[in-house]
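What follows is a short report on a single structure.
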2 protein chains.
Amino acid sequence: MHDHNDILKKVKNELPDDELLCDLADLYKIFGDTTRIKIMYALFEEELCVCAIADLLGMTQSAISHQLKILKDADLVANRREGKTIYYHLSDDHVRSIIAQGFDHLTEEHED
Amino acid sequence: MHDHNDILKKVKNELPDDELLCDLADLYKIFGDTTRIKIMYALFEEELCVCAIADLLGMTQSAISHQLKILKDADLVANRREGKTIYYHLSDDHVRSIIAQGFDHLTEEHED
DNA sequence: TGAACATATGAATAATTGTTCAAGTGAAGG
DNA sequence: CCTTCACTTGAACAATTATTCATATGTTCA
């Protein structure tokens, strides 16, 4: 291996804690699934109940419920109960801005 | 299932194409791995060759090379050759801003 | 209390994916 | 040329994960 100790020392200091980088990866992992992206997108406009989301995406209630749990555990969505129905909504605007940022990258031109 | 046809019609219209949502999920999938996050972070400061990154992260060249290919295919990093050595760097500022956005969410307080 | 409804949960399966190992490029230098 | 060095690539294995199916929770209303 060729020498690059000086650069490594410098870069090593700039790297955040392993734990933080891991948390960051875990957060993005949640955005890395089409079903969850669709759920979040659906909640852009207004709160929806579980079966409405299931209906919208053409998937089972169970599958949606599993994904909603993941989103809730990550504080990306929250819910409220109204009788038998549970309505989900985005918990803050980060979801919107994170998704918007992704769009920026996708729609940007890349010359080759 | 209870009725919510009116809401569904409205939300359905707002949802982007399936293909776009899929591409978006694929993009975030790339950020959803600790190794790749670390690689991108390491490249924040300056370009690095493959074995420097491997050394920094304490991983094999092969593992890093595989991940660099994924990052390159997604236009997140680019490289240049100098003799036997290949230097990688971030291809644009989107990487920085996407990661920064993630940090925002992680470091924000969530009252319960 | 009991039936019906909306949702949650657990276990199982199938598919995806990160790392390793072994072999393959391609450039530099004797 | 032939070797060495930096890196890439492909196949295989292990680990993770999304969905399904069956069952459980909790609320409403008769």
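Predicted model only: the values in this text are computed from it and were never measured. Letters A, B, ... mirror the listed sequences (proteins, then strands); counts begin at 1.
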* Quickly work out the K38(A) NZ to dA18(D) C1' distance and round it to whole Å. => 13 Å
* Structure fact -> note: I86(A), atom CD1; dG26(D), atom P; distance rounded to Å ~ 11 Å
* Asked: Are K10(A) and D6(A) ion-paired here, with the side-chain N under 4.0 Å from a carboxylate O?
  -> no
* Name the residue closer to the 5' end of DNA chain C, choosing between H66(A) and K84(A) according to the nucleotide with the nearest heavy atom. => K84(A)
* At under 4.0 Å, does any side-chain N or O of Q67(A) touch on OP1 or OP2 of dT19(D)? -> yes
* Asked: Should H2(B) be listed as having a side-chain N or O under 4.0 Å from OP1 or OP2 of dA6(C)?
  -> yes
* Structure fact -> By nearest-heavy-atom nucleotide on DNA chain D, the more 5' of Y88(B) and K29(A) is Y88(B)
* Cluster overlap F31(B) with L21(A), hydrophobic side-chain contacts below 4.5 Å -> yes
* Check: R36(A) side chain, Q67(A) main-chain N or O, donor-acceptor pair, under 3.5 Å -> no
* Asked: Taking the side chain from R81(A) and the backbone from G83(A), do they hold a donor-acceptor pair closer than 3.5 Å?
  -> yes
* Asked: Taking OP1 and OP2 of dT20(C), is either one under 4.0 Å from a side-chain nitrogen or oxygen of T60(B)?
  -> yes
* **Whole-Å gap separating C1' (dT25(C)) and CD (Q61(B))** => 13 Å
* Structure fact -> Between CD1 of I53(A) and P of dT19(D) the distance, given in whole Å, is 13 Å
* Asked: Does any N or O donor sit under 3.5 Å from an N or O acceptor when you compare the side chain of S62(B) with the base of dC21(C)?
  -> yes
* Output yes when at least one side-chain N/O atom of R36(A) is less than 4.0 Å from OP1 or OP2 of dA18(D), else no. => yes
* What integer distance in Å separates Y87(B):OH from dA6(D):P? -> 10 Å
* Structure fact -> note: N79(B), atom CG; dT25(C), atom P; distance rounded to Å ~ 19 Å
* dT19(C) base / T35(B) side chain donor-acceptor hit below 3.5 Å -> no
* Structure fact -> From CG of D26(B) across to P of dT16(C) the rounded distance in Å is 12 Å
* To do: Send over the distance from I30(B) CD1 to dT16(C) P, rounded to a whole Å.
  => 16 Å
* Structure fact -> Tightest non-hydrogen contact, residues F44(B) and R96(B), listed as O-NH1, 2.8 Å
* Base, sugar-phosphate alone, or nothing: which one does S65(B) contact when heavy atoms must sit under 4.0 Å apart? -> base
